[in-house]
Amino acid sequence: MGSRSQDQLRLEEPEMIRKQIADLIRRGLEAAQQAGDLPSFEIPAIIPVTLGRHAAHGDYASPICMSLARVLRRAPLSIAQAVAPHIPATEMVRQVQVAPPGYLNFALDEGWMARQVPRILEAGERWGNVNLGHGARVQVEFVSANPTGPITIGSARNAVLGDSIAAILEAAGYQVEREYYVNDAGSKVRHFGESILSRYAAHFGADIPFPEQGYPGQYVTEFAQKAAETFGRSLLDMPRDAAVRQITEWGVTQVLASVREDLADLRVHFDTWQHEKDFYTGGLFDELMDKLRAGGYVVEHDDAVWFRHPALKKDAVLIRSPRVIPNPAERPTYLASDICYLWDKLVRRGFERAIYVWGADHHGDVPRVRAAAQALGLDPKRLVFLLYQLVTLRRGGQKVRMSKSSGEFVTLRDLVDEIGPDPIRFMLLTRTMDVKFDFDLDLAVEQSDRNPVYYVQYAHTRIAGVLRTAVQRGFDLSQPGDPALLTHPSELALIRRLLTLPEVIAVAANYAPHHLTTYAGELASLFHAFYHECRIVSDRPEEQELSRARLMLSQATKSVLARVLHLIGVDAPERM
RNA sequence: GCCCCCGUGGCUCAAUUGGAUAGAGUAUCUGACUUCGAAUCAGAGGGUUGUAGGUUCAAGUCCUACCGGGGGUACCA
């Protein structure tokens, strides 16, 4: 990736203080060995460094000496004492302390910390970037809800997870493409099309039976109405198959247009829309079937074709069968599509990694797709499956069971119209994806002003307000303040947190976007505390310099808050 | 039956992925605005991290069994 990634490495990676401290420890270990204070041994490739949880433990701590104890056959405390004096002095670290049973504790230098504030301000939206990806191309495929109806709250979780993960990966140095997979070849869309056709026929007084697994929702009737305006009676005069095909295609287009719009209002956008159908028009499916057959991964009996693989518990998984689809040449089962799709992602389009954001109800499919990748000679580790637990909806204390096929669901549209994208996005990102989300509609609507998102946004607008006041009173915000004046405990606590953004992004890049909402809340809290303890805009002549320093800190905080909110797709308003 | 996820103060959830004294919000109680936005702040109480074992210097985190809740397990997608 040439010079750009070199640049990033030099400029951005050291922003992770943890990394720098790990380097210091490594150099300390080397020096201790050279000085003969420690015997010769191989220094571990990764040196663990964590944030100190208590002020007494310093800002960062490493338990490395505990794990070295076994190798060196020496007490961890004694190892730590041997290393500590050899850790090179830097302006970043004020002191290194050894604490039982063998921790190395690092306290950052307050002056150094304060001097980072203008740098944060200068970096702006770039602050926090870490180059973990080195420009690797990855694809995040998400939402991908069947195009058979409106986007529901359930898909909303998928949408905000996928979108935020994509944004975070970009901040972590990856080249990211966001994709929506359109399942337009399966039986679901056909049932959808048949449903519209039935209602459409009814509109003209004709009778086409409603399919058994059809979609009873009111929106289908509305589609039928629109279809009647678009096509007139023409669909009634053509062969049934052709009519189904045409109205299905038309219906999918209609749905996708509204899906695109609904998601856009949630601030979710896609770079590409991959249609399942396209896999069966270019010969890809046949090509891959030949590969699998050659590898002995295909079995056939009763005219049906199955995929088998030693890694699978089940004997085999169906790929195509005349009993599923009357005309199997037209379309196999969804596993076949998944096989084409993974090849398309990893080989044809050459992504180094393909990330799938799936509801936990699809977890059973993971081994199959993995096995298929393996069978095609691809490293299954390049496929990442993020399984989030489903959203259960509560209304009036009652659980609402949602599904488009039952016609009972709450649309994303309704919720966005009612409470807006910010509370939805923030709320859905406050928890790990491993826990199911109990979404209480009444509470979400009624208490939306107590949603934690407002706490964070309020901090941002409060800063904006203070800055406006400052300008009114004649402060020039473009003029940097003197960081040396930032010495109050609440100022330093705030700065400390500003400095950890790169680490938070690095952790969040491990597919854990909820760290950002947590961080945003902490940062907001620290600012509020600082605001209460320190007068920012002072009228006293002798405090002008101090005011300028604090204004600089406030601006940096505002910038970081905005950055974090933008990463999770939440607006950072100037007023509210 | 088998597979996946969860079980942490009254309630909803965190815990930088195995590190030191388990943290927030909410609820309850007490306090703080004649100067920058009170949608705010400060303080208090509240815990054997479902149970029982195990792994090691170290377990909320990993392993085993069990209990409880949710989801999956079609020639559907």
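Protein chains get the first letters and strands the later ones, always in sequence-line order, with residue 1 at the start of each. Just so it is clear, the values below take in all heavy atoms, side chains as well, and ignore hydrogens, waters and symmetry mates.
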A.B. asks: Check every atom of A15(B), G72(B), U17(B) against the side chain of T432(A) and return the nucleotide holding the closest atom.
C.D. replies: A15(B)
A.B. asks: Is H515(A) close enough to A15(B) that one of its side-chain N or O atoms is under 4.0 Å from OP1 or OP2 there?
C.D. replies: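 Checking H515(A) against A15(B): at least one side-chain N or O falls below 4.0 Å of OP1 or OP2.
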A.B. asks: Ignoring hydrogens and geometry beyond distance, is the side chain of Y334(A) in donor-acceptor contact with the base of A77(B) at under 3.5 Å?
C.D. replies: yes
A.B. asks: Can you check side chain to side chain contact (heavy atoms under 4.5 Å, CB included) on V49(A) and F106(A), steps first, answer last?
C.D. replies: CA-CA 10 Å; V49(A) 176; F106(A) 294 76; over 6 Å; no
A.B. asks: Given G19(B), C41(B), C6(B), identify the nucleotide with an atom nearest to the side chain of Y103(A).
C.D. replies: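 Nearest to the side-chain atoms of Y103(A), counting from C-beta on, is G19(B).
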A.B. asks: When all nucleic acid strands are considered with a 4.0 Å heavy-atom cut-off, which category describes D539(A): base, sugar-phosphate, or nothing?
C.D. replies: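 Here D539(A) touches no strand at all.
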A.B. asks: Quick check for you: among C36(B), A20(B), C41(B), whose closest atom lies nearest to any side-chain atom of H57(A)?
C.D. replies: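 In terms of side-chain proximity for H57(A), the closest of C36(B), A20(B), C41(B) is A20(B).
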A.B. asks: Choosing from U35(B), A14(B), G72(B), which nucleotide comes nearest the side chain of V435(A)?
C.D. replies: A14(B)
A.B. asks: Taking the side chain of H532(A) as its heavy atoms from C-beta onward, which of C76(B), G37(B), C41(B) lies nearest to it?
C.D. replies: C41(B)
A.B. asks: Write down the partner of A24(B) under the Watson-Crick or G-U wobble criteria, each distance required to be under 3.5 Å.
C.D. replies: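 When the pairing criteria are applied, U12(B) turns out to be the nucleotide that pairs with A24(B).
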A.B. asks: For R370(A) and V366(A): C-alpha separation, side-chain torsions, deciding distance, then whether side chain to side chain contact (heavy atoms under 4.5 Å, CB included) applies.
C.D. replies: CA-CA 6 Å; R370(A) 280 236 164 84; V366(A) 172; 3.5 Å; yes
A.B. asks: Base, sugar-phosphate, or nothing: which does R70(A) touch, judged by heavy atoms less than 4.0 Å apart?
C.D. replies: sugar-phosphate
A.B. asks: When you measure from the centre of the six-membered ring of F307(A), is the NZ or CZ of R368(A) closer than 6.0 Å and no more than 45° off the axis?
C.D. replies: no
A.B. asks: Is the closest basic N to carboxylate O distance between E574(A) and K558(A) below 4.0 Å?
C.D. replies: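 Yes, charged N to carboxylate O under 4.0 Å.
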A.B. asks: Using the P atom on both, measure A22(B) against G9(B) and round to a whole Å.
C.D. replies: 15 Å
A.B. asks: Counting any heavy atom closer than 4.0 Å, what does Y455(A) reach on the DNA or RNA strands: base, sugar-phosphate only, or nothing?
C.D. replies: sugar-phosphate
A.B. asks: Using the C1' atom as the reference point in each nucleotide, state the distance between G47(B) and C5(B) in Å, no decimals.
C.D. replies: 24 Å
A.B. asks: With heavy atoms under 4.0 Å as the rule, sort R468(A) into base, sugar-phosphate or nothing.
C.D. replies: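 Contact class for R468(A): base.
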A.B. asks: Measure from the side chain of K188(A), starting at C-beta and using heavy atoms only, and say which of C76(B), G37(B), G19(B) lies closest.
C.D. replies: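 Of the options given, the side chain of K188(A) lies nearest C76(B).
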A.B. asks: Looking for any heavy atom pair under 4.0 Å, which part of the strands does M433(A) touch: base, sugar-phosphate only, or nothing?
C.D. replies: nothing
A.B. asks: When all nucleic acid strands are considered with a 4.0 Å heavy-atom cut-off, which category describes C65(A): base, sugar-phosphate, or nothing?
C.D. replies: nothing
A.B. asks: Please pick, from G37(B), C75(B), C4(B), the nucleotide with the shortest atom-to-atom distance to any side-chain atom of H363(A).
C.D. replies: C4(B)
